[in-house]
Amino acid sequence: MDGLSSNLRRRPLQVAVAGLLFEVGFDNAEKMAHETLIEMTQSIICQVGLSARSYCELSGRTEPVIGDVIIALVNMGLPLDSIETHAKRSGRTVLPAPVPSTQPKQLSILQAGVKQSHPSHIPIHLPQFPDPHAYIRTPTHKQPVTEYEAIREKSASQKRDTERALTRFVAKTSDTHSLFLTEDTIFPLVACKPHMPPYLKALLPSDQVFEFEDEFSIPSCPTRGGPGPSRKARSDAEGEDDENLEELKENTEEGKGGETDSIDNPYLRPVKQPRKKKPKT
Amino acid sequence: MNSSNMNIGDGNHHALDASPISTNNELGLSGAGDGRTAGQPLSDFLQQLEDYIPTIPDAVTAFHLQSAGFETSDPRIIRLVSLAAQKFVSDVANDALQHCKTRGASQISKTSKGKDRRYTLTMEDLTPALAEYGITVKKPHYFV
């Protein structure tokens with residue numbers, strides 16, 4: 001049935017009035033008309049109650065009697081004699097009792113252990129404490145090992161494992177060189193990749209290795225001059241390592257943030273190469 | 001809004017006018033001319049009410065009566081009150097049905113089987129039916 005009110009006390013009235021209408025012969029009813037009749041019914045019941053109580057108190061009683069009800073009905077103008085006929089009418093509808101919609105609470109909870117009793121400041125009518133297993137604590141981390149020997153050993157083994165893993169990885173991904181005639185897969189050796197000429201690297205020492213920046217093709221910014229990368233190589237050749245660091249960093253930063261030249265950030269300004277004479281070699 | 005007094009001039013929703021009360025009082029008085037026997041058949045009827053269950057459930061009637069201050073331990077009185085209310089409602093509904101039938105009979109009912117067997121209770125039928133009882137119902141067509 002749609003249109004049942006959310007007020008639970010009103011629903012049986014709604015259903016009862018609908019049943020009465022059905023008995024009379026109506027198949028449908030307008031919602032407004034139905035509501036009007038419900039309001040009327042409620043008002044009648046309340047009014048009869050009020051009047052009957054007043055009459056009962058008027059005669060000095062506290063509990064109403066049938067006579068009070070009769071006078072109240074007469075006072076309201078409801079005819080008395082037809083009530084009996086109405087009661088004995090055929091085809092009266094009796095409403096079924098509403099089914100309880102909520103399931104009864106399942107009380108078969110297993111109790112493990114004895115619950116704590118309430119401390120004195122908590123009143124008794126409040127719910128009890130949970131079972132003692134609710135208070136079990138498990139730490140989420142272990143205390144770190146602080147023994148010197150153990151730590152030393154762990155770091156050594158970790159280093160060893162890392163090296164081994166890395167070498168095996170490189171051996172698997174890049175070329176391997178086998179010392180024997182057959183392919184050696186158990187103990188792979190990483191193949192050596194000689195540079196040409198082999199002595200060049202020895203003659204050009206570099207403090208730090210910036211291989212990625214060398215390969216990284218920095219897009220030429222409009223504000224910067226073209227000879228940026230070549231200058232970099234030259235400064236490499238001169239072995240000025242600190243300048244290397246700064247310039248390279250500046251270059252990379254500029255490469256990425258070349259559009260923000262409008263901000264006058266000294267670190268983002270284009271590189272101004274010092275006027276240097278080319279070394280006469 | 002519903003358990004307030006249904007006295008005269010209560011408002012636009014439903015108000016029992018004075019006129020039917022006066023006429024019915026006469027009736028009641030004339031009934032009381034049979035002396036105190038006006039209530040007599042009813043009190044006899046009360047005895048039969050023990051097994052009878054009215055359409056309006058006991059608990060509902062008891063709740064509304066309690067909200068008015070009427071508390072009793074006798075379920076038969078509660079059933080009597082619910083019967084009286086039922087009776088009133090079904091009287092009004094009957095009158096509305098007559099209105100509906102007269103309205104339906106005047107219209108051409110060739111399309112429907114019989115005589116418009118599906119009766120719908122509308123406000124148009126209910127309003128004059130209630131007006132005969134002295135209850136004026138004026139509902140707005142729309143709510144602003």
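Chain letters run A, B, ... following the sequence lines, proteins first, then strands; residues in each count from 1.
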List the atom of [X], the atom of [Y], and the distance in Å for their closest heavy-atom pair.
| X | Y | value |
| --- | --- | --- |
| B:A96 | A:F26 | C-CZ, 3.8 Å |
| A:C46 | B:A68 | O-CB, 3.5 Å |
| A:G49 | B:L65 | CA-CD2, 3.5 Å |
| A:A29 | B:T120 | N-CG2, 4.0 Å |
| A:A33 | B:T122 | CB-C, 4.3 Å |
| A:G25 | B:Y119 | O-CD1, 3.8 Å |

Supply the atom-to-atom distance [X] [atom1] to [Y] [atom2], rounded to the nearest 0.5 angstrom.
| X | Y | atom1 | atom2 | answer |
| --- | --- | --- | --- | --- |
| B:H64 | A:Q47 | NE2 | CD | 14.0 Å |
| B:T61 | A:I45 | OG1 | CD1 | 4.5 Å |
| A:H86 | B:D91 | NE2 | CG | 8.0 Å |
| B:Q86 | A:I44 | CD | CD1 | 11.0 Å |
| B:E71 | A:T62 | CD | OG1 | 10.0 Å |
| B:T55 | A:F22 | OG1 | CZ | 13.0 Å |

Go through the steps to decide whether B:L121 and A:V24 satisfy the test side chain to side chain contact (heavy atoms under 4.5 Å, CB included), and finish with yes or no.
CA-CA 11 Å; B:L121 174 66; A:V24 167; over 6 Å; no
More than 12 foreign heavy atoms under 6.0 Å from [atom1] of [X]: is that the case here?
| X | atom1 | answer |
| --- | --- | --- |
| A:F169 | CZ | no |
| A:R9 | CZ | no |
| A:L126 | CG | yes |
| B:Q47 | CD | yes |
| A:K154 | NZ | no |

Against chain B, work out which of A:L73, A:D68, A:V65, A:I83 has the most heavy-atom pairs shorter than 4.5 Å and name it.
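Highest number of heavy-atom pairs under 4.5 Å: A:I83.
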Below 4.5 Å, heavy-atom pairs only: which of A:P12, A:P64, A:A72 has the largest tally toward chain B?
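The candidate making the most pairs under 4.5 Å is A:P64.
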Answer with side chain, backbone, both or neither: which region of [X] has an atom nearer than 4.5 Å to a non-hydrogen atom of chain A?
| X | answer |
| --- | --- |
| B:A59 | neither |
| B:T127 | neither |
| B:I77 | side chain |

Check each atom of A:V69 against the heavy atoms of chain B and say whether the ones under 4.5 Å are side chain, backbone, both or neither.
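Side chain only.
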Go through the atoms of A:I66 and report whether side chain, backbone, both or neither lie under 4.5 Å from a heavy atom of chain B.
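Backbone plus side chain of A:I66, per the 4.5 Å heavy-atom cut-off to chain B.
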Only heavy atoms, only distances under 4.5 angstrom. Which residues in residues 51-59 of chain A are near chain B?
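Counting heavy atoms that sit under 4.5 Å from chain B, the residues of residues 51-59 of chain A involved are A:A52, A:R53.
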I need the residue from B:L97, B:V92, B:N94, B:D74 with the largest number of non-hydrogen atom pairs under 4.5 Å to chain A.
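Of the options given, most contacts go to B:L97.
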Using a 4.5 Å cut-off on heavy atoms from C-beta on, say whether the side chain of A:T36 contacts that of B:L130.
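They are in side-chain contact.
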Could you tell me which residues satisfy side-chain hydrogen bond (donor to acceptor under 3.5 Å, both in side chains) with A:K88, sequence neighbours excluded, listed by chain and number?
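Partners of A:K88 by the side-chain hydrogen bond (donor to acceptor under 3.5 Å, both in side chains) criterion, ordered by chain and then number, come out as A:E84, B:Q48.
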